[in-house]
Amino acid sequence: MFITVDADKCQGHTQCMIVAPELVDLTDAGHAFAKGDGRVPTHLKETASMAMHSCPEGAIRTYEADDEGAARTGGTS
Amino acid sequence: VAWTSANGGHWVVTTHAVVTEVLQRAGDFCSASRTDPDGTEWGGLRIPRREFYRLLPGEADQPEWNEYRRLIGSWFTPSAIDKRRAAIGAIVDDVLDGIIERGEADLVNDVAGPIVASATLDLLGFDRTPDRQYAHVAHLVAYASGTELEGELATGMPWMKSQIEDEIARRMTAPTDDLTSAVVHGSISGRPPTREEMVAILLQILLGGLDTTSGLIAYAMSYLSEHREDLDRLREDDHFRRTATEEFVRWVSPIGAMARAAVADVALADHTIERRAPVLVAFKSANRDDAIFADADSVQLDRAPNPHVGFGAGVHRCLGSHVARAVFQETLVRILTRMPDFRIDTGRAERYPFEGTALGYVAMPMSFTAGPRLHT
C-alpha cells in the first residue's frame, strides 16, 4: 500500500500528524507530505487509513501499487 | 442544502460533505463583499449583511487573498508557533499568578480572556498592558449587537482601531522584528499595503483569535469540571492532550457558522444557487454529522481520526489554528497542574446572550484551593 497527499488540497489542518506521524511530515509552511516514497509498511495499513479519514479536505489517499492510476485520478483503494 | 426566508433569505448547508465542498469551491462561493455596477452590495461573511470593520485576509478572494495570506502566513505555521510555546506558557503562568492566591476567579474575564489577549498581543508585538480591554471588546463584538451593551461596543471598536493605528504609526518610523512591522513594511503585489489594509489585517488577527480561543477554553473547562475522570491523563499525556484539543474544537465549534455568496448561478448538490445568494456554512452542524463522527454529540477526548471543520476548510482555513491550539494546551496543562481541584460553578456561568456565529461565555465563576505564585 502507498499513501499520497494532494498538495493542492492540503490546507495545513495537520490532523494527519496526530494519527500518522510515521507516514506523513510537514513542510516549513505546515503542509503535509508523504514520507519517503509513500510506501506503507504492512503493520501501518490501519494508520494510513486513519490518516486518510483524518483529513477534512480529503487530501490524503491510499492505494495499492497496481492501482496507482486510479488513485491519481481520485479513486480509492 | 436548504433555503430559508429568515434574514432576507439565504441558503444553509449543514452536512460535513457539503460544508467542506462550499468552502473548497472558493472560486464559486466568495468571501469578499462585492458591489455590482447598479450599486447593489452583496457577499461578505455575515447574514444579514451589516457594516463592520473590514477584516483581511478573511474578506478577500483570490487573487488578492494570496497576497494578504503570504504577507503574514509564515508567522502562523506549526514550526513558528512551536517556537513561541515557552513564551505562551510564561504568559499563562503570569495570568494564573494574578489569581492563584485568591482561590476563586472568573475563568472568562480573569483567565481565558487575558491569556488569549496577551498571547495574541505578544505575537503582534503590541503593548500588552490593555490586554483585558482588548479581550472585552472582542467579546462585545461577538454578542453585543442588539443588546444594551451596543453603546459600549460603539466606543470599544474605535478604541481598538486607534490602538492598532498607534502601533502602526510607531512601526512606520521605527520598524522592529515583530509581526506588525512585517505587515507595515510588507508588500502587496509589489506595492506597500495601504493603511486601511494594515488595519484590516491586524484587526483580523485580534478579532479572529481572541474571542474564539477564549470561548473554547471556557466551554472545555466547564465540561472538564463535570467530567473529571480524564484530568490526570490530560495533564500528563501530550498526545491525549492533542486529540482532546481537536475534540473540543469539534464539539464546541467556537465559530458556529459563517457566510459565503455564489459568484454566479452555480450547482450545489441538487440545487442551483443563484448569483449573489448568501450561503450560511454551518461548521458546528458539520462537526456533529453522524455520517462522519460516530456518536457525534458525545465528547470523546481520544477521538481519532477527527476531520472536524472547526477551523473551517479550503483556502480560508483558520490561519491562527496553531496559535489557538498552543494557547489552549498551555492553558489547560497549567490549570490542571496549578489548580488541580478547580471547580466551575456551571449554575452561575453566563453564556453569551446572543450566540449567532460566535459561541462563548460572558462570565464563568471558578474556585480552587489557593496556591503560591511562581513569580513575585
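Chain letters run A, B, ... following the sequence lines, proteins first and then strands; every chain starts at 1. These numbers come from a predicted model, not from an experiment.
Using a 4.5 Å cut-off between non-hydrogen atoms, the part of residues 239-248 of chain B that approaches chain A consists of H239(B), R242(B), T243(B), E246(B). Among the residues in residues 312-326 of chain B, those with a non-hydrogen atom closer than 4.5 angstrom to a non-hydrogen atom of chain A are G312(B), A313(B), G314(B), V315(B), R317(B), H322(B), R325(B).
In this structure, no portion of S74(B) lies under 4.5 Å from any heavy atom of chain A. Using a 4.5 Å cut-off between heavy atoms, L26(A) touches chain B through its side chain atoms alone.
Residue D295(B) places its CG atom among more than 12 non-hydrogen atoms of other residues, nucleotides or ligands, all under 6.0 Å distant. Atom CG of D37(A) sits in a crowded spot, with more than 12 heavy atoms from other residues, nucleotides or ligands closer than 6.0 Å. Annotation for R85(B): atom CZ counts as buried by contact number, over 12 foreign heavy atoms lying within 6.0 Å.
For the atom pair E57(A) CD and L23(B) CG, the distance stands at 8.0 Å (nearest 0.5 Å).
Qualifying side chain to side chain donor-acceptor pair (under 3.5 Å) partners for E21(B), counting only residues two or more places apart in sequence or in other chains: R25(B). E236(B) is linked by a side chain to side chain donor-acceptor pair (under 3.5 Å) to nothing, counting only residues two or more places apart in sequence or in another chain.
When the candidates T14(A), I18(A), V19(A) are compared by the number of heavy-atom contacts under 4.5 Å with chain B, I18(A) comes out ahead. In terms of non-hydrogen atom pairs under 4.5 Å with chain B, the most contact-rich of C55(A), S49(A), G12(A), A29(A) is G12(A).
Put simply, the side chain of Q15(A) never gets that close to the backbone of P305(B): no donor and acceptor are under 3.5 Å apart.
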